[in-house]
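Okay, structure first, notes after.
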There are 2 protein chains.
Amino acid sequence: MARLTNCIEMMDEGIGRVSQIIPQMPAAEARLCRLMLMVGSSLEGELEFKLKPHKLNHSEFLTLMILYSRPDGSSTPGELCEYASQGATNMTRIANALVKRGLITRGASEEDRRRVLIRITPAGRRFVQKMLPPMFPRVALMFAGFSDGDKRSLSRLLRKLAHNLDELSEATPP
Amino acid sequence: MARLTNCIEMMDEGIGRVSQIIPQMPAAEARLCRLMLMVGSSLEGELEFKLKPHKLNHSEFLTLMILYSRPDGSSTPGELCEYASQGATNMTRIANALVKRGLITRGASEEDRRRVLIRITPAGRRFVQKMLPPMFPRVALMFAGFSDGDKRSLSRLLRKLAHNLDELSEATPP
DNA sequence: AAGTCATATTTCATCAGTGAAATAAAAGAT
DNA sequence: ATCTTTTATTTCACTGATGAAATATGACTT
């Protein structure tokens, strides 16, 4: 796999040349956009790489973590779909996989028997507590050389970007 | 689809609770990591959305743009694999799709006849010049409210992160 | 000339996610 | 009591990417 830095360098030159041909292009913004996409997918790759030994993919991991982080360790398929940004079809498949491994259980809700209650099991909690800590060093290394101010800036700017993306997709009711 | 802002809010609370159970967790870094992943994939969705009317997916668009941005409008499959972060198998498929639409051509290289020279066609250039400008307003809106300093900061921080990710994957030679 | 390496393609099996449609069951509305 | 809506599951066809193995071709080495 090519180093990210090389791809970025080549992207910089490419956008430079394109913006000479098409001067109306918002070059700085386009660069930021490409940067986000490149770094984002590299980060995604890094995550999947760390998950592979545990036979989990990103969306299974995310679903499990959402449950783990809940005060009561439970949620419903619909809610999980929302927060894990997955379709219902996919969430059914994810839940099946996690149930099969004994990390979660499915049961009917008491109050509303249409709903399905998904709970993380004690085995699921142990699993998370065992797999999470070995990831910490690499997560910390990603932000090596970032001052506290850098981290705060990055957080602020990403949240601002997220807010703008929300506005954009609300302005487009497809 | 859930709003990004909601997902972020819920992620913040979730990480807060997890870091109470597992205090060694680098919470700030984990938050940044999740933020990058969420915003990145939302951005990816936004891009795919803009590409759909042109019947292009992300990697086809990227491949085409790399060629467009080259001074001579040409490259080779191997090089495109690198910069578009695609496997050879996939690049063959991408090239087939673009050739079929008349946007690029494939031909043997003169110097080294093992190599295949991929060139953007005049039709390919016209296609890019027609499809690109309508994207500009939305790209600009993504960064609405970003000062010049914000943009520079974000650029700098993403590049630093990219650099760290390169180091990480070089320290892991599988 | 023979052997080795490099480049690209093709085939194949597989995985992860999408979207639409059909089904089921229960809640809520009138 | 019937009708509508909500929630979840299941099935199906499809897209896009992945990785391994086999093949073809041409370049480089000696």
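Every chain is numbered from 1, with letters handed out A, B, ... down the list of sequences. Because the structure is predicted, anything quoted here is derived from the model rather than measured.
- Judged by distance alone, with hydrogens and angles left aside, the side-chain atoms of A/Ser169 form a donor-acceptor pair with the main-chain N or O of A/Leu165 at under 3.5 Å.
- A side-chain donor from one of B/Ser155 and B/Arg159 sits under 3.5 Å from a side-chain acceptor of the other.
- Reading DNA chain C from its 5' end, the first and the last nucleotide to sit under 4.0 Å from a heavy atom of chain B are C/dA6 to C/dT11.
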For this session: With pairs defined as Watson-Crick or G-U wobble and both distances under 3.5 angstrom, please note down DNA chain D as a dot-bracket string, | for pairing with another strand.
Result: ||||||||||||||||||||||||||||||
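- Looking at A/Arg31, its side chain never comes within 3.5 Å of a backbone N or O of A/Ile15 through a donor-acceptor pair.
- Shown here are the side-chain hydrogen bond (donor to acceptor under 3.5 Å, both in side chains) partners of A/Tyr68, two or more places apart in sequence or in another chain: A/Gln129.
- Across the protein-nucleic acid pair, B/Arg115 atom CZ and D/dA24 atom P stand 22 Å apart, rounded to whole Å.
- Take B/Ser59 and apply the side chain to side chain contact (heavy atoms under 4.5 Å, CB included) test, not counting sequence neighbours, and it matches B/Asn57, B/Gln86, B/Ile94.
- Between the CG atom of B/Leu51 and the C1' atom of D/dT15 there is a distance of 15 Å, rounded to whole Å.
- Nearer the 5' end of DNA chain D, as judged by each residue's closest nucleotide, is the contact made by A/Thr76, out of A/Thr76 and B/Gly87.
- The distance from atom CD of A/Glu48 to atom C1' of D/dT18 is 12 Å, rounded to the nearest whole Å.
- Taking atom CG of residue B/Leu56 and atom P of nucleotide D/dT15, one finds them 15 Å apart after rounding to whole Å.
- For the pair B/Gln86 CD and D/dA17 C1', the interatomic distance rounds to 7 Å; values are reported in whole Å.
- With A/Asp166 contributing its side chain and B/Leu4 its backbone, the two residues share a donor-acceptor pair below 3.5 Å.
- Residues B/Lys52 and A/Glu60 each lie close to DNA chain C; by heavy-atom proximity, the contact nearer the 5' end of the strand is made by A/Glu60.
- Environment of CZ in A/Arg119: sparse, with no more than 12 heavy atoms of neighbouring residues, nucleotides or ligands closer than 6.0 Å.
- Clustering ILVMFWY residues whenever any of their side-chain heavy atoms sit less than 4.5 angstrom apart, transitively, puts A/Val128 in the very cluster that holds A/Ile104.
- Smallest separation of non-hydrogen atoms from A/Met38 and A/Cys7: SD-CB, 4.0 Å.
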Under 3.5 Å, which donor-acceptor pairs link side chains of residues 140-147 of chain A to any protein atom two or more places apart or in another chain?
unit_1	atom_1	unit_2	atom_2	d
A/Ser147	OG	A/Gly149	N	3.3
A/Ser147	OG	A/Asp150	N	3.0

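- Against DNA chain C, the stretch residues 89-106 of chain A makes heavy-atom approaches under 4.0 Å through A/Thr89, A/Asn90, A/Arg93.
- More than 12 non-hydrogen atoms from other residues, nucleotides or ligands lie less than 6.0 angstrom from CD of A/Gln24.
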